[in-house]
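The structure under discussion appears below in the form of structure tokens.
As a basis for the values below, the full set of heavy atoms in this structure was taken, side chains included, without hydrogen atoms, waters or symmetry mates. Every chain is numbered from 1 and lettered A, B, ... according to where its sequence line falls, protein lines coming before strand lines.
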2 protein chains.
Amino acid sequence: MASNRRPGTAEQPRTGTSSGRPTSRDVARRASVSQATVSLVLGGKWEGRVSPRTAETVRDAAQALGYRPNLSARSLRLGRTRTALLVVPALTHDYFARVHAGASRIAAEHDFGVVLYPSPEGIGPAVDPFGSARAALDGVIASSMAPDALAALREGGLPLVMLDTDPEGDRAVATVNLDIADGMRQVAGHLLGLGHRRLAHLAAAVDTWTFGVRAHSLAQAVALEPGAELRTEPSDLSVEDALRGATRALTADPRPTAVICDDDLLAAGACKAARRLGLRVPEDVSVTGFDDLSLATALEPELTTVRLPAEAVGAAGMRALLDVLAGREANAPVLPVQLVRRGSTAEPPSES
Amino acid sequence: MASNRRPGTAEQPRTGTSSGRPTSRDVARRASVSQATVSLVLGGKWEGRVSPRTAETVRDAAQALGYRPNLSARSLRLGRTRTALLVVPALTHDYFARVHAGASRIAAEHDFGVVLYPSPEGIGPAVDPFGSARAALDGVIASSMAPDALAALREGGLPLVMLDTDPEGDRAVATVNLDIADGMRQVAGHLLGLGHRRLAHLAAAVDTWTFGVRAHSLAQAVALEPGAELRTEPSDLSVEDALRGATRALTADPRPTAVICDDDLLAAGACKAARRLGLRVPEDVSVTGFDDLSLATALEPELTTVRLPAEAVGAAGMRALLDVLAGREANAPVLPVQLVRRGSTAEPPSES
DNA sequence: ATGAAAGCGCTAACAA
DNA sequence: TTGTTAGCGCTTTCAT
């Protein structure tokens with residue numbers, strides 16, 4: 001007879017003071033009922049099947065022992081883990097922190113957990129998110145990922161909800177998107193309406209759907225305005241590189257009167273560049289951001305930018321995943337975005 | 001004979017094409033070996049116990065089936081989950097994002113996972129982190145938490161490593177701290193050395209160890225300098241409230257020549273306040289931050305601030321937890337911090 | 001209203 | 001070198 005490491009808890013006296021964490025059997029013994037009854041009561045599905053008196057006893061015993069169910073065991077038994085993986089490009093960017101908050105909120109409401117996987121950029125995308133997450137997962141939500149990074153995620157065989165990603169081509173079970181194109185249109189409309197005609201686009205040098213749309217939508221909007229011109233300057237997604245890119249843009253001749261940035265981070269760099277060139281924002285040059293990070297209002301002047309409902313995106317993503325897991329149809333909304341006019345934009349200088 | 005939901009996979013023909021995810025038994029069947037052999041081979045502890053040829057066969061079978069071990073089952077069997085909970089007050093603050101990055105990096109190196117629990121501030125601290133995390137955990141790392149929030153964490157019965165928290169009183173298995181006091185001393189020394197004598201402290205109105213130390217250490221350093229005086233203005237941890245607090249501080253008579261902020265966020269608010277009052281930074285008033293967030297260099301002028309090795313803190317915390325879990329002694333370092341002098345500080349205006 | 005028993009997928013001790 | 005077997009803690013069916 002093969003004896004395992006732990007030689008069977010059978011001989012334990014009913015005092016129940018077993019060595020490790022108390023199990024449902026400990027609770028059962030203490031309440032003098034069966035394990036099944038404990039499960040029923042603590043699982044909240046006892047009504048009409050267990051007498052209220054017994055239920056009370058069980059709850060007391062659980063309380064007294066400090067019982068907490070073993071989630072591994074439950075997951076194993078149930079075949080589901082009530083846990084989702086949220087994959088984001090970076091956590092330091094507070095858009096993603098807010099997406100996470102939204103997803104977590106909805107998850108918690110449905111007794112789900114969210115584990116985060118900040119896809120390592122520097123280390124290369126070859127890392128296995130499923131292995132690294134080290135959690136048993138029911139589904140995956142991925143935000144703003146590059147196409148090749150998404151490929152790895154689809155391998156998992158788990159339901160995949162994509163956020164802020166090209167809805168075509170990749171068959172996720174659902175895609176929650178932002179109306180990025182409209183956001184950029186609002187930016188262009190705002191600046192053109194103020195009278196700007198020489199525009200610079202400080203464009204994020206990142207190959208994702210969201211930035212592609214920004215570039216395309218902006219170009220289109222400007223093309224529709226006679227006499228307006230647009231120059232594009234690429235930049236890494238960092239203040240430092242944006243400073244360089246914006247400096248190039250602002251030292252062009254003739255100088256643009258407005259710099260449209262793909263991200264608030266870039267806009268911060270643009271503001272720095274302007275100030276270092278002795279230009280005032282917004283009197284000499286207008287600057288716009290995108291995302292409405294907390295950074296946008298930390299700057300002076302505050303950034304005119306496009307507010308993305310990050311929390312709502314995360315929430316909608318989680319809801320979509322829950323729908324799919326429950327066998328329901330997931331709806332894949334496109335969430336509206338809104339221009340927020342603040343201090344960094346104004347009419348162009350009179351003698352442009 | 002009680003029949004469960006799934007009526008035993010026994011009758012499955014050896015083709016192995018069972019409905020769900022392949023299990024180690026499927027792999028075993030396909031490789032014509034026992035489940036034990038599969039476990040040995042895939043667990044990497046086969047050398048000298050399984051022939052290389054068989055091992056190869058097993059790996060091929062696993063590959064072909066796309067086998068991925070069921071982590072719930074493994075955790076259940078092993079009694080450990082290789083997962084740690086990281087509790088932070090907020091994710092939008094990029095100090096904590098970096099702590100998470102550090103912890104995750106070390107975790108990954110040891111085949112551990114990290115699940116994040118951003119302790120809900122608004123919703124009240126009553127929420128159960130263990131329940132919400134919905135993961136089976138081996139230990140907990142908590143950063144910069146208020147004492148009462150920590151109490152709940154100690155209930156879990158899991159090893160608890162604290163970061164940036166009062167080392168006295170609460171018996172965590174280890175505490176990783178920053179030399180916050182020294183950081184504040186460096187700030188004070190820097191400003192006093194530049195000639196500042198009227199100082200304002202924009203103090204975070206948050207009851208945690210880290211901010212207590214900042215206040216105390218600053219007060220002490222200033223007290224040591226004859227003729228130097230310090231006024232304290234409390235502020236919530238937001239740019240918006242800092243703007244108000246700094247405005248109060250800067251409209252006092254006589255006006256302070258330097259504003260020392262507990263956090264870069266507050267410093268950003270102070271800079272806004274200064275500018276709105278028509279004061280130049282640093283010519284009219286010096287401003288210092290704390291933490292060296294990415295925000296510090298997004299501003300113009302860039303903030304003089306104290307760099308906290310957030311990544312190292314997270315890494316050290318995870319190492320300490322791993323040590324404890326392995327039965328080793330955990331060492332609890334105090335990590336040094338360093339003043340970074342940038343553009344937001346200068347000598348006080350000549351006629352103060 | 002309650003209990004007995006089976007089994008989720010895995011690992012490890014032991015037998016062969 | 002490989003296979004057999006027990007059992008981690010839980011939920012659920014079926015029997016009582």
[atom1] of [X] versus [atom2] of [N]: gap in Å, rounded?
X: Q35(B); N: dG9(C); atom1: CD; atom2: P; answer: 10 Å
X: R80(B); N: dC8(D); atom1: CZ; atom2: P; answer: 16 Å
X: R25(B); N: dA6(D); atom1: CZ; atom2: C1'; answer: 14 Å
X: E47(A); N: dT2(C); atom1: CD; atom2: P; answer: 14 Å
X: L42(B); N: dA12(C); atom1: CG; atom2: P; answer: 13 Å
X: R77(B); N: dC8(D); atom1: CZ; atom2: P; answer: 9 Å
X: L71(B); N: dC8(C); atom1: CG; atom2: P; answer: 18 Å
X: L78(B); N: dG9(D); atom1: CG; atom2: P; answer: 12 Å

task = Might you point out which heavy atoms bring V115(B) and A135(B) nearest each other, and give the distance in Å?
result =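 Here V115(B) and A135(B) meet closest at CG1-CB, 4.2 Å.
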| field | Whichever of A73(B) and R49(B) has its nearest DNA chain D nucleotide further upstream toward 5' | value |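 Taking each residue's closest nucleotide, the earlier one in sequence belongs to R49(B).
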Would you indicate which nucleotide in [options] comes nearest to any side-chain atom of [X]?
X: L76(B); options: dT2(D), dG9(D), dT11(C); value: dG9(D)
X: T54(A); options: dA12(C), dT2(C), dG3(D); value: dT2(C)
X: T37(A); options: dA6(D), dT2(C), dC10(D); value: dT2(C)
X: V50(A); options: dC10(D), dA6(D), dT2(C); value: dT2(C)
X: S51(B); options: dC10(D), dT11(C), dT1(D); value: dT1(D)
X: P69(A); options: dC10(D), dT2(D), dT2(C); value: dC10(D)
X: N70(A); options: dG3(D), dC10(C), dC10(D); value: dC10(D)

Would you find a donor on one side and an acceptor on the other, under 3.5 Å apart, between the side chain of R319(A) and the backbone of N331(A)?
->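 Flag not set: sc R319(A) to bb N331(A) has no pair under 3.5 Å.
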Does a nitrogen or oxygen in the side chain of [X] sit under 4.0 Å from OP1 or OP2 of [N]?
X: S34(B); N: dT2(D); answer: no
X: T23(B); N: dG9(C); answer: no
X: K45(B); N: dT11(C); answer: no
X: S72(A); N: dC10(D); answer: no

Query raised in the report: If you look at every strand shown and take non-hydrogen atoms under 4.0 Å, does G48(A) touch a base, only sugar-phosphate, or nothing?
Result: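 G48(A): backbone/sugar contact only, no base atoms under 4.0 Å.
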Within 6.0 Å of CZ in R328(A), more than 12 heavy atoms from elsewhere
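Buried by this count: over 12 neighbours within 6.0 Å.
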Report task. State, without any angle test, whether D164(B) and S143(B) hold a side-chain donor-acceptor pair at a distance under 3.5 Å. Result ->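 No, S143(B) and D164(B) have no side-chain donor paired with an acceptor closer than 3.5 Å.
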Looking just at side-chain N and O atoms, do S34(A) and T37(A) make a donor-acceptor pair shorter than 3.5 Å?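 Result is yes, a qualifying pair exists.
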Given DNA chain C, 5'-ward residue of the pair P52(A) and A36(A), judged by closest heavy atom
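This one resolves to P52(A).
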Report task. Indicate yes or no: does R59(A) engage E56(A) in a salt bridge with an N to O separation below 4.0 Å. Result ->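 E56(A) and R59(A): salt-bridged.
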